[in-house]
Colleague: 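The structure that follows is given in the form of structure tokens.
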Amino acid sequence: MKKNILITGGAGFIGSHVVRLFINKYPNYNIYNLDKLTYAGNLENIRDIENSSNYNFIKGDITDSKFINELFNKIDFDGVIHLAAESHVDRSIENPDEFINTNILGTLNLLNAAKNTWKEKEDKLFYHISTDEVYGSLGEKGLFTEETSYDPRSPYSASKASSDHLVRAYMHTYGLNTVISNCSNNYGANQFPEKLIPLVINNIKKNKAIPVYGKGENVRDWLFVKDHATAIDTVFHKGKAGETYNIGGNNEWQNIDLIKKICEISDSRLNRKKGESEKLITFVKDRAGHDLRYAIDSSKIATELNWKPSLTFEEGIEITISWYLENQAWLDNVLSGEYENYYKQQYSERENK
Ligand code: NAD
Ligand code: DAU
């Protein structure tokens, strides 16, 4: 069946993988990629599919309610997959306002437009992409389930928690069909190199210090981005309206161990002496309010929707390291502009801890 699907944030890291998957897998869908192209959005991420007949790019800002209302009046969307957001925790600590505007008010604008224009609401779906950070921080044991109480602890996670609550409220109050998924840390190609994994690879390439926050003891549960994209496809097509699905890779790493693993693989790829890249590790001032551990119980999506990751972490990290080593032009492109100044300021402050 012909469908109009709006994907927000499709020029970003995860969104670009979702757009590509939908364009290739569903030629009968018209995909509308709405993106503001902030520092994190880059049309290079989706260059390979931009001429597809079922692809449309719309440059626009979800915080602009007039623009969003006009868009929903013009195009009869059958579904929304909402990824557009400010996504970096450190930036939310520096400048929370942008996170409140984009992540909360931007989501509100999309919900209002869907509520006001969708006549046959039961045939439509508003799918909100969220994060495991809404559940707060775990101790050494335990996993986040869909029943874990919300306990966001950074401006980023508070803004995502708030948008999750709004999405559920619009289902209960206005009868909008909604579904939410909360995913753990993603890694893979096209991630802006301010996030841990691409930052480490990029710094190794350039022989620059690898900044490890605190003692490097914090734990994250890593999922290959293409597996997140297949999970999103699964939830969009098979998920039950009103439900929440946790998505994770069952793949916990302490930061310091993960960084050493990346150093080891990079040494062999770059023909460096064993242990060479590890010398770049530099312990710096910790992130304020740094959550200790995230880990996801993804048994609900596995048993109810039959989804599981396709790659082991060993396979995924090899692919990822190769991609950043081979795509210098992409790195140069995204790192030009305002980011260089931001990075210099951030890290000179951290190194002078
Ligand atoms: P990203 O920062 O790489 O991309 C965000 C995209 O949104 C960019 O293309 C940007 O231009 C666009 N955008 C930002 N503000 C906008 C606005 N006002 N209007 C329109 N577009 C705007 O983020 P990501 O890592 O791909 O994350 C995508 C979504 O997935 C986010 O909602 C994030 O909270 C969620 N998420 C991310 C992870 C992760 O590990 N990266 C894990 C779980 C959930
Ligand atoms: O859990 C899902 C979340 O994962 C997503 O919702 C966020 O959008 C995404 O950015 C990510 O958040 P994190 O804060 O976990 O990711 P980040 O890559 O910034 O950091 C990963 C860990 O590495 C974290 O414990 C902080 C640490 N770190 C990070 C950077 C950038 C360092 O030690 N040094 C660094 O330079």
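Just so you know, these numbers use all the heavy atoms, side chains as well, and skip hydrogens, waters and symmetry mates. Whatever order the structure lists them in is the order used to number ligands and atoms, beginning at 1.
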Colleague: Determine, for E70 against K66, whether the closest basic-nitrogen to carboxylate-oxygen distance falls under 4.0 angstrom.
Modeller: yes
Colleague: Could you say whether the N/O atoms of H290 and ligand 2 ever approach to under 3.5 Å?
Modeller: yes
Colleague: Please identify which atoms of ligand 2 are closer than 4.0 Å to at least one heavy atom of T131.
Modeller: 1 (O), 2 (C), 3 (C), 5 (C), 6 (O)
Colleague: Given S87, C183, G12, which has its nearest heavy atom closest to atom 7 (C) of ligand 2?
Modeller: S87
Colleague: Considering only heavy atoms of D61, which atoms of ligand 1 have at least one such atom less than 4.0 Å away?
Modeller: 17 (C), 18 (N), 19 (N)
Colleague: Below 4.0 Å from any atom of ligand 1, is there a heavy atom belonging to A11?
Modeller: yes
Colleague: Answer yes or no: does an N/O atom from N255 fall short of 3.5 Å to an N/O atom of ligand 2?
Modeller: yes
Colleague: Should the heavy atoms of other residues, nucleotides or ligands under 6.0 Å from NZ of K226 be counted, would the total exceed 12?
Modeller: no
Colleague: Looking at D78 and K3, would you say the former's side chain and the latter's main chain have a donor-acceptor pair under 3.5 Å?
Modeller: no
Colleague: Pick one of side chain, backbone, both or neither for how Y156 approaches ligand 1, counting any non-hydrogen atom pair under 4.0 Å.
Modeller: side chain
Colleague: Please confirm whether S16 comes under 4.0 Å of ligand 1, counting heavy atoms of the residue only.
Modeller: no
Colleague: Which one of N218, N185, N203 has a non-hydrogen atom at the shortest distance from atom 16 (O) of ligand 2?
Modeller: N185
Colleague: Would you check whether R220 has a nitrogen or oxygen atom less than 3.5 angstrom from a nitrogen or oxygen atom of ligand 2?
Modeller: yes
Colleague: Relative to the heavy atoms of H88, which atoms of ligand 2 are at a distance of less than 4.0 Å?
Modeller: 19 (O)
Colleague: Backbone, side chain, both or neither: what part of H88 comes under 4.0 angstrom of ligand 1, heavy atoms only?
Modeller: neither
Colleague: Does at least one non-hydrogen atom of E194 fall below 4.0 angstrom from an atom of ligand 2?
Modeller: yes
Colleague: What atoms of ligand 2 come within less than 4.0 Å of a heavy atom belonging to V212?
Modeller: 33 (O)
Colleague: Please list, in number order, the atoms of ligand 1 under 4.0 Å from a heavy atom of I129.
Modeller: 30 (O), 32 (O)
Colleague: Determine whether the side chain, the backbone, both or neither of S157 has a heavy atom under 4.0 Å from any heavy atom of ligand 2.
Modeller: neither
Colleague: List the steps, then state whether side chain to side chain contact (heavy atoms under 4.5 Å, CB included) holds for N112 with S65.
Modeller: CA-CA 9 Å; N112 277 334; S65 59; over 6 Å; no
Colleague: Less than 6.0 Å separating the ring centroids of Y170 and F126?
Modeller: no
Colleague: Out of all atoms in ligand 2, which are within 4.0 Å of some heavy atom of D132? Include the element for each.
Modeller: 1 (O), 2 (C)
Colleague: Out of Y187, F144, Y213, whose heavy atom sits nearest atom 35 (C) of ligand 2?
Modeller: Y213
Colleague: Under 4.0 angstrom from ligand 1, any heavy atom of T8?
Modeller: no
Colleague: Using a strict 4.0 Å threshold on nitrogen-to-oxygen distance, state whether K36 and D61 make a salt bridge.
Modeller: yes
Colleague: For T102, take its heavy atoms, then give the atoms of ligand 1 lying under 4.0 Å from any of them.
Modeller: 15 (N), 16 (C), 18 (N)
Colleague: With a 3.5 Å cut-off and no angle check, do the side chains of Y187 and N251 form a donor-acceptor pair?
Modeller: no
Colleague: Of the side chain and backbone of K195, name the one, both, or neither that has a heavy atom under 4.0 Å from an atom of ligand 2.
Modeller: both
Colleague: Using a 4.0 Å heavy-atom threshold (strictly under), name the region of N103 that reaches ligand 1: side chain, backbone, both or neither.
Modeller: neither
Colleague: Give the single entry among G60, A40, S87, A85 that approaches atom 5 (C) of ligand 1 most closely by any heavy atom.
Modeller: A85
Colleague: Taking atom CG of N4 as the centre, does the number of heavy atoms from other residues, nucleotides or ligands within less than 6.0 Å exceed 12?
Modeller: yes
Colleague: Please confirm whether R287 comes within less than 3.5 Å of ligand 2 when only nitrogen or oxygen atoms on both sides are compared.
Modeller: yes
Colleague: Between E50 and R47, is there a side-chain N and carboxylate O pair less than 4.0 Å apart?
Modeller: yes
Colleague: Considering D35, T107, L196, which one's heavy-atom position lies nearest to atom 11 (O) of ligand 1?
Modeller: D35
Colleague: Using a strict 4.0 Å threshold on nitrogen-to-oxygen distance, state whether E98 and R91 make a salt bridge.
Modeller: no
Colleague: Going by an N to O cut-off under 4.0 Å, is there a salt bridge joining E243 and K300?
Modeller: yes
Colleague: Could you list which atoms of ligand 2 come closer than 4.0 Å to a heavy atom of L199?
Modeller: 36 (O)
Colleague: Of all the atoms in ligand 1, which lie at a distance below 4.0 Å from a heavy atom belonging to S130?
Modeller: 43 (C), 44 (C)
Colleague: Run the side-chain hydrogen bond (donor to acceptor under 3.5 Å, both in side chains) check on H128 and T107 step by step: do they pass?
Modeller: CA-CA 9 Å; H128 179 60; T107 303; 4.7 Å; no
Colleague: Has D332 got more than 12 heavy atoms of other residues, nucleotides or ligands less than 6.0 Å from its CG?
Modeller: yes
Colleague: Under 3.5 Å between any N/O of V89 and any N/O of ligand 2: does that happen in this structure?
Modeller: no
Colleague: If the threshold is 4.0 Å, N to carboxylate O, is there a salt bridge linking R220 and D291?
Modeller: no
Colleague: Give a yes-or-no answer on whether the side chains of D233 and Y26 include a donor-acceptor pair shorter than 3.5 Å.
Modeller: yes
